[in-house]
Enquirer: 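The structure that follows is given in the form of structure tokens.
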Amino acid sequence: MSQNYGALRIVRVRPSADVVPNKHDRYPSGWLPEERLVHLLKKEENTIGRALSNDIILMEPTVSREHARLVRTEHGWLIFNLTAQNVVRVNGHAVAGGDCLVLQSQDFLVLGNTMLQLIAPQEHIVEEGTPTLPGFPSLSPRPGSSPSPQVFHNSSLPEKSGQNGHEKSFSKLFNPTRSGQLNTADQGRDEQKFATPPALHVVHPLTEQADGDQLPQAWDEEEESLLGAGVTMQFALPQRMGTRTRWLIVGAGISILVVSAIITIILNSIIGISALAQNGLSSIVAALTIPLIPALVINMLVSFIDRYEREPWFLRLAAFLWGAVIAIPPALFIEKGVINLMQPVWGQNDLLFAIFKGLNAGITEESVKGLGLLLLFMVLRDEFDNVTDGIVYGALIGAGFAMVENFVYFALYSREYLAFLIVGRVVLGWLSHSTFTICFGAALGYMRHTRVRWRQILIPLVGYLVAVGLHSVFDFVDFYANAIVFNDPTLITISLIAIICNYIPPFIAQIGLLYILIKSLAHEAAVIREFLAFEVSNGVVRVDEYALLQNSFQRTKEERRVLWQSGWKQWMRVRALYQTEIGLAFRKWHVSMGDKPKLGYLQPEDAYRQRIKRLRYDIQASQLQKAGRPTF
């Protein structure tokens, strides 16, 4: 059975000096490149080069067919330069042809124009008190092993304004005239600047090891909770906050939810009774079934796109309920009040009526929905990690709001306009409300990507204005087209064309948001690749897991395999382990972006590491129990 000793991650590939500028895009220097970005070291001796016979293939012009050999010995890793013409550098120090240098975990390696980093466990590290189980490897010292230099992380994934800093940092490693070793702190800073995008590569799931003779050490606490709030929720509120205050906050939230639910149910019941009396039972059946279709589809879509740092199920539910329950009563009352107040202004003017009503709906509804996003961002900041989370929460809030709104439309008008409602609000407009709210959610998520103060203020404001603008224009065209038909039925063709074209701006926005989502998912994979590298060296994350976490499809496939072979409880443990490791990467990224330490003796990073060890112990214990071996 193959064993993974470590991994080489590609940090960057610089174009050759003789490559003309318009061909730079051929090389994997951007997101979603052609080449794999993580290469597993499955043997103790690995050849590197362009030839297909190599263990690690780098399809880059400045890499020779047989460029270098990476060998694992009892003294650590050695990198050999196979020919005198090859460029091989370790942390800026050139390796002459035929010579070798020691390469330790976290060190940078340059082959031609390709920069890589070695990610491997430091086998000399043994953490006291860490439980082990028979049949699973422990971190035991090897003869001659020596500690690797520590890498300091200061910043990561900079914005485009830092491109000059990129070139300056890369020149330290790519400049062939430099013969000295890079300063360790500079190396750590450079490492964080070279965040790389996700790759399309084959990874290997957790492998079962050979049986051993060491007896397990039991944990003192009870088994790890798999349905708990998670690590980040432990630090959502200040640790010094008393239990009574926490219960007051929870009680206030539940009270608001209950009151809003009662109001929403009463309003919908009144509408339902009226529709039943006027249109019969068919309208109620249509209202209770058809609006569920787009809501379910959006929830399935959210589950698909939330691939890396998955949001907790209870926060997804809370976002959906905010749109479906809490946002409905204030939006309804505010819109009614504004219409009654402004009705004398537009009088009998249909154009002014459509403008005011469109603005009223756009501003009111997007403000109320956006308030839910803002509360999530401010109160549960550690769960609102990036743009992807803003898209997820925005889509769910919009889906909940649209579901209740569709109930009203189908209850009142399904008898006369059922086909029109299905085409307009289900086929074409199933994602409209979510699209509007996502604009603000994605902009809020961008605040986690930048330290620039004016961008933290301007980008969310622009996102909110785009959401309001799209919503207002959409409703304006709809209201005005309907008013034209009521005044002159002969213009129904023009009205239908206007209504169909009304879906073009949301569709364009969806294309733009899809592009932003792809970039955000690439960024999530880069965060995992960047910030878990050090955890692999320290033995917190295993090499197999490190590679698996960066490929969401392979990880999902492995989780599914565990479900079928080991049952739902083991499946939940494995999922929790993967998510905790990803959560550790994101916490470290947020710290590098300026998040302050938490109050109290325990920091989230330590809590993540403790939970990883605990979950791994439970997984191993379950495997031993299934195999019929004792665990204590």
Side-chain angles (χ1 to χ4, degrees), residues 2-14 27-29 33-60 62-73 76-82 86-93 95 100-123 148-149 151 170 173-174 187 190-191 194-204 525-526 528-537 541-551 554:
S2 63
Q3 181 177 350
N4 295 324
Y5 296 100
L8 282 177
R9 75 177 184 97
I10 296 179
V11 177
R12 181 179 172 181
V13 178
R14 290 185 65 180
Y27 302 98
S29 57
E34 298 175 0
E35 307 301 331
R36 299 188 311 175
L37 294 177
V38 173
H39 298 268
L40 289 172
L41 304 175
K42 302 179 182 179
K43 301 188 297 184
E44 293 191 338
E45 183 173 335
N46 302 269
T47 57
I48 308 174
R50 282 193 295 115
L52 298 180
S53 58
N54 288 288
D55 300 302
I56 298 175
I57 303 172
L58 301 177
M59 299 302 294
E60 194 264 310
T62 61
V63 175
S64 302
R65 292 181 58 83
E66 294 181 354
H67 198 104
R69 180 178 292 112
L70 186 62
V71 180
R72 180 177 181 265
T73 70
W77 291 90
L78 297 177
I79 184 70
F80 291 82
N81 188 350
L82 298 183
N86 291 341
V87 175
V88 178
R89 306 175 70 82
V90 176
N91 295 336
H93 187 83
V95 182
C100 67
L101 273 182
V102 175
L103 186 66
Q104 298 181 353
S105 183
Q106 303 292 303
D107 282 355
F108 288 97
L109 172 67
V110 173
L111 304 179
N113 283 339
T114 301
M115 178 186 290
L116 307 100
Q117 185 184 29
L118 176 65
I119 309 298
Q122 296 180 8
E123 295 180 284
S148 299
V151 177
F170 273 114
L173 297 184
F174 279 111
Q187 177 185 333
D190 289 342
E191 176 202 6
F194 309 146
T196 52
L200 304 176
H201 58 277
V202 179
V203 294
H204 298 271
I528 297 170
R529 183 162 47 252
E530 186 92 4
F531 286 91
L532 286 186
F534 188 70
E535 304 301 326
V536 174
S537 299
V541 177
R542 293 181 178 173
V543 175
D544 293 338
E545 296 165 354
Y546 175 74
L548 190 67
L549 294 176
Q550 301 168 43
N551 190 313
Q554 291 291 334

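No hydrogens, no waters, no symmetry mates; every other heavy atom, side chains included, goes into these values.
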Enquirer: Would you check if D55 and I48 make a side-chain contact, meaning some heavy-atom pair closer than 4.5 Å?
Expert: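 Not in contact.
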
Enquirer: Does the side chain of L532 come within less than 4.5 Å of E545's, by heavy atoms?
Expert: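 They are not in side-chain contact.
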
Enquirer: Nearest 0.5 Å please: distance from the CZ atom of R65 over to the CG atom of L82.
Expert: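 The CG atom of L82 is 13.0 Å from CZ of R65, to the nearest 0.5 Å.
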
Enquirer: Taking S105 for the side chain and A120 for the main chain, is one N or O donor matched with an acceptor at less than 3.5 Å?
Expert: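 Such a contact is found between S105 side chain and A120 backbone.
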
Enquirer: Just by modelled atom types, is the F108 backbone N or O under 3.5 Å from a matching donor or acceptor in the N91 side chain?
Expert: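 A pair under 3.5 Å: yes.
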
Enquirer: Please confirm whether the backbone N or O of Q554 pairs with a side-chain atom of N551, one donor and one acceptor, at under 3.5 Å?
Expert: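 Yes; at least one donor-acceptor contact below 3.5 Å.
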
Enquirer: Output all residues satisfying side-chain contact (heavy atoms from CB on, under 4.5 Å) with V71, sequence neighbours left out; order by chain, then residue number.
Expert: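 Applying side-chain contact (heavy atoms from CB on, under 4.5 Å) to V71 gives E45, R69, T73, F80.
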
Enquirer: Whether the side chain of Q117 engages the backbone of L109 through a donor-acceptor N/O pair (distance < 3.5 Å, no angle test) should be reported.
Expert: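 Such a contact is absent between Q117 side chain and L109 backbone.
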
Enquirer: If you compare all heavy atoms of A547 against all heavy atoms of L40, which two are closest, and at what distance to 0.1 Å?
Expert: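 Here A547 and L40 meet closest at CB-CD2, 3.7 Å.
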
Enquirer: Check whether any side-chain heavy atom of L70 sits under 4.5 Å from a side-chain heavy atom of L78, and report yes or no.
Expert: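 They are not in contact (no side-chain heavy atoms under 4.5 Å apart), so the answer is no.
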
Enquirer: In Å and rounded to the nearest 0.5 Å, what is the CZ to CD1 distance from R12 to I10?
Expert: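 Output value for this atom pair is 13.5 Å.
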
Enquirer: Do the side chains of Y5 and K42 get nearer than 4.5 Å, heavy atoms only?
Expert: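 When only atoms from C-beta onward are counted, Y5 and K42 do not touch, as no gap falls below 4.5 Å.
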
Enquirer: Hey, does V87 have a side-chain heavy atom less than 4.5 Å from the side chain of L111?
Expert: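 They are not in side-chain contact.
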
Enquirer: Quick one: closest heavy-atom pair of R542 and V536, and the distance?
Expert: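 Of all heavy-atom pairs spanning R542 and V536, the closest is O-CG2, 4.4 Å.
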
Enquirer: What closest approach, in Å, do T47 and S53 show between heavy atoms, and which atom pair accounts for it?
Expert: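 Scanning both residues, the minimum pair turns out to be OG1-O, 4.4 Å.
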
Enquirer: Please give me the minimum heavy-atom distance between A68 and I79, naming the atom from each residue.
Expert: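 Closest approach of A68 to I79: CB-CD1, 3.9 Å.
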
Enquirer: Tell me whether D107 contacts the main-chain N or O of Q104 through its side chain, where contact means a donor paired with an acceptor under 3.5 Å.
Expert: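 Yes; at least one donor-acceptor contact below 3.5 Å.
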
Enquirer: Check salt bridge (charged side-chain N to carboxylate O under 4.0 Å, His left out) between R50 and all other residues, then give those that pass, not counting sequence neighbours.
Expert: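 For R50, no residue satisfies salt bridge (charged side-chain N to carboxylate O under 4.0 Å, His left out) once neighbours in sequence are set aside.
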
Enquirer: For side-chain contact (heavy atoms from CB on, under 4.5 Å), just list the numbers for L41 and W77, CA-CA rounded to whole Å, side-chain angles, deciding distance to a tenth of an Å, and then say yes or no.
Expert: CA-CA 11 Å; L41 304 175; W77 291 90; 3.6 Å; yes

Enquirer: Say you draw a straight line from CG of N81 to SG of C100; how long is it, rounded to the nearest 0.5 Å?
Expert: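 Between atom CG of N81 and atom SG of C100 there are 10.5 Å.
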
Enquirer: Are any non-hydrogen side-chain atoms of L118 and L8 less than 4.5 angstrom apart?
Expert: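 Sidechains of L8 and L118: in contact.
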
Enquirer: Would you say that V543 contacts P121 through its side chain, given a criterion of any heavy-atom pair below 4.5 Å between the two side chains?
Expert: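 Contact flag for V543/P121 side chains = yes.
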
Enquirer: How far apart are the C-alpha atoms of Y546 and R9, what are their side-chain angles, what is the distance that settles it, and do they pass the side-chain contact (heavy atoms from CB on, under 4.5 Å) test?
Expert: CA-CA 11 Å; Y546 175 74; R9 75 177 184 97; 3.3 Å; yes

Enquirer: Test side-chain contact (heavy atoms from CB on, under 4.5 Å) on E60 and N113; report intermediate values, then the result.
Expert: CA-CA 8 Å; E60 194 264 310; N113 283 339; 3.6 Å; yes

Enquirer: How far does CD1 of I56 sit from NE2 of H39, to the nearest 0.5 angstrom?
Expert: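 Here the rounded value is 6.5 Å.
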
Enquirer: Can you list everything that forms a side chain to side chain donor-acceptor pair (under 3.5 Å) with N86? Sequence neighbours excluded, please.
Expert: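 S64, T83.
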
